[in-house]
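First comes the structure, then the notes that go with it.
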Amino acid sequence: MSVLRVGNASGFYGDRFDAMREMLTGGPLDVLTGDYLAELTMLILGRDRLKDPGAGYARTFLRQLEECLGLARERGVRIVTNAGGLNPAGLADAVRVLADRLGIPVRVAHVEGDDLTAAHPGALAAHAYLGGFGIAECLRAGADVVVTGRVTDAALVTGPAAAHFGWGPTEYDRLAGAVVAGHVLECGAQATGGNYSFFQDGDVRRPGFPLAELHADGTSVVTKHDGTGGFVDVGTVTAQLLYETHGARYAGPDVTARLDTVRLSQDGPDRVRVEGVRGEAPPPTLKVGLNRLGGYRNEVAFVLTGLDVEAKAALLRAQLEPVLDRVADVRWDLARTDRPDAATEETASALLRLVVRDADQQVVGRALSGAAVELALAGYPGFHVLAPPGKGMPYGVFDALHVPRNTVAHVAVRHDGRRVPVPDVQETAVLRAVPEPPLPRPLPPGPVRRAPLGLVAGARSGDKGGDANVGVWARTDEAWRWLARELTADRFRELIPEARDLPVVRHPLPNLRALNFVVEGILGEGVAAQARFDPQAKALGEWLRARHLDIPEALL
């Protein structure tokens, strides 16, 4: 069968608005996907729904579609998106209203069954991660637009691929190949040079969005439209493959993809071939993302300038301690951004960040605003803050649960209104760790130099609930021989002091010349709880790259 060209126009709720038009006008496509959901997004949509039961979906998608629905119809491009969020039926209806107003005949279908909130009292939103076969059912029935709620990000690609090529639920290698392609596409411009360690390798001022040419055997080529910014090479694809994954087995509702079998090769300018992917039966459970309100938080950053920074911080803490005694959770962090004999006031200053959390909004509001302001003329010399504290804002807590597959009713609602139950898989396999692969042979002895890790390795990091993952990859075989032996879990803890008392699991991926580290618990209760300076661990990998090690001079 023909090649299926699947593009992406959104990696998160708030991504570049005109990307949908760019993808539709930039070159040929068969399917255009949009990923709008993340753990934090589900919390935001849940709060929207509290105010308006008819809300709960990504309204940006509707505004994009108003400009682009006619284009998609003219060019025969089908649109598949998870912008339905907590209310896919509501968004599907809104798309129909929009299409009628614009006079564009389109068939709109949606997928539901992921909403398990009623089974979890106290949850703001609890949603199972569904696979791609509901999307496939809608497309096979003739839908032009398919709206989903919480499906896996990769399902936006596996669904169209299964529909186009006629794959069945046990064609694991083909499905796994589509999962890998979907994972590369899901974060948009991260596959075309965005957020890339070696961004200076190309012009990334305005990277284009990626697309994948999928084949019936599950292989693919990741590329982008000609003339768009950024670049696609083995490094950009490797970085995205490592993003927010854990071990060599990448489990999903349709298939478990073996990331340790992926082979990448440059297939021409801005073209990377993805092949060799093996798949296995999926796990017997489905992941459920559960969001709940955790209470209220407030914060303030005090500026400490010049001499005696530590003493000034100690005075402030002593002055506020009696007031903060009744607050459930108090966290102080001193960032020594100051320099000695600084040429500017800003570079002579450190930041002392105070974060408070409590179930009572009044407690965190009064505790900070009153006490902090009252110290304005009675505190340390040079007292001021970056911004005054507010009244206290709600924060969320994310938990990942797993439920038996038979407790989730996956339903495709076709464009004609017919509700079609999506059969569950007949085979499952309990997820187990892959045996540790052999280490590459060591480099021959030679002189070393103290230098940043990032001179020989790239990294990309992200969040999974309260955990963070850091993928690190080498650009050459020689660098991999050194990296695989040098960067152990223990060495990682040495380089990242925050991780010293936390479980750190290392997963080698020799085909990618990569190591994937999972740091358990470093993000506390997840991004919505804002427990850390970098709550989504987006820059954790870049911090690691900036740490110094003894690196063989032959690699530098």
Side-chain angles (χ1 to χ4, degrees), residues 39 114 116 126-133 150-155 157-159 162 167-184 186 218 240-262 276-290 398-408 410 422-437 462-471 489 502-512 514-523 526:
E39 293 166 3
D114 59 300
L116 304 182
H127 290 257
Y129 288 72
L130 303 179
F133 280 96
R150 180 73 279 187
V151 296
T152 63
D153 300 338
V157 173
T158 59
W167 294 340
T170 59
E171 296 188 66
Y172 298 133
D173 290 350
R174 293 178 172 87
L175 289 168
V179 163
V180 168
H183 182 61
V184 173
E186 71 184 53
Q240 179 55 28
L241 269 180
L242 296 172
Y243 182 64
E244 293 183 346
T245 60
H246 280 190
R249 285 191 163 100
Y250 185 51
D254 297 322
V255 64
T256 293
R258 289 287 298 267
L259 298 183
D260 56 337
T261 64
V262 179
V277 188
R278 284 176 44 209
E280 300 169 344
T285 58
L286 293 179
K287 179 181 174 181
V288 176
L290 189 150
F398 177 84
D399 290 308
L401 313 174
H402 290 84
V403 300
R405 302 180 70 103
N406 60 10
T407 63
V408 179
H410 190 174
V422 178
D424 195 14
V425 298
Q426 298 302 304
E427 298 177 347
T428 62
V430 175
L431 202 63
R432 292 187 173 88
V434 172
E436 185 90 2
D463 63 313
K464 279 293 183 184
D467 301 341
N469 100 285
V470 184
L502 298 173
V504 176
V505 183
R506 183 180 105 144
H507 301 280
L509 299 168
N511 277 10
L512 301 176
L515 303 168
N516 205 356
F517 294 89
V518 179
V519 188
E520 298 178 12
I522 193 171
L523 303 180

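Since the model is a prediction, treat every value here as computed from it, not as a measurement.
- Between atom CG of residue L241 and atom CG of residue N516 there is a gap of 10.5 Å, rounded to the nearest 0.5 Å.
- In this structure a side-chain-to-backbone donor-acceptor pair under 3.5 Å is missing from N469 to F517.
- Residues P253 and P282 are not in side-chain contact: their nearest non-hydrogen atoms beyond the backbone lie 4.5 Å or more apart.
- With a 4.5 Å cut-off on side-chain heavy atoms, L502 and I522 count as touching.
- Shown here for A257 and V179, the closest heavy-atom pair between the two residues is CB-CG1, 4.2 Å.
- Side-chain contact between D467 and V519 is absent, with no heavy atoms from C-beta onward closer than 4.5 Å.
- When every heavy atom of G252 is checked against every heavy atom of P283, the shortest pair comes out as O-CD, 3.5 Å.
- Annotation: side chain of P169 is not in contact with side chain of E171 (no heavy-atom distance under 4.5 Å).
- Scanning for side chain to side chain contact (heavy atoms under 4.5 Å, CB included) contacts around P423 gives an empty result, with sequence neighbours left out.
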Inset, instruction - Before giving the answer on side chain to side chain contact (heavy atoms under 4.5 Å, CB included), spell out for N511 and V262 the whole-Å C-alpha distance, their side-chain angles and the decisive distance to 0.1 Å. - result: CA-CA 7 Å; N511 277 10; V262 179; 5.9 Å; no
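- Separation of the H183 and Y250 ring centroids falls under the 6.0 Å cut-off.
- In terms of the side chain to side chain donor-acceptor pair (under 3.5 Å) criterion, residue partners of E427 (sequence neighbours excluded) are, by chain and number, Y172.
- With a 6.0 Å radius and a threshold of 12 heavy atoms from other residues, nucleotides or ligands, Q426 has its CD atom at or below the threshold.
- Shortest non-hydrogen contact noted between V255 and G279 is CG2-CA, 4.0 Å.
- The closest side-chain heavy-atom distance from H507 to R249 is not below 4.5 Å.
- Contact between G289 and F398 at its shortest, heavy atoms only, is CA-CE1, 3.6 Å.
- Looking at heavy atoms from C-beta onward, V288 lies out of side-chain contact with H127 at the 4.5 angstrom threshold.
- Within the model, atoms OG1 of T170 and CG of L175 stand 8.5 Å from one another, a figure rounded to the nearest 0.5 Å.
- Side-chain contact between T285 and L431: absent, with no pair of heavy atoms (C-beta onward) separated by less than 4.5 Å.
- Side chain of D114 to main chain of R150: a donor-acceptor pair is present (N/O by atom type, distance under 3.5 Å, no hydrogens or angles).
- Side-chain contact check for V518 versus V504: every heavy-atom pair is 4.5 Å or farther apart.
- Put simply, the residue from L290, L116, L286 that forms a side chain to side chain contact (heavy atoms under 4.5 Å, CB included) with L401 is L290.
- Between the side chain of E39 and the backbone N or O of G465, at least one donor-acceptor pair lies under 3.5 Å.
- Considering CG of D424 and NE2 of H410, their distance stands at 10.0 Å, rounded to 0.5 Å.
- For the pair W167 and F133, the tightest heavy-atom approach, listed with the atom from each and the gap, is O-CE2, 3.8 Å.
- The pair R278-D173 fails the salt-bridge criterion, with no side-chain N (NZ, NE, NH1 or NH2) lying under 4.0 Å from an Asp/Glu carboxylate O.
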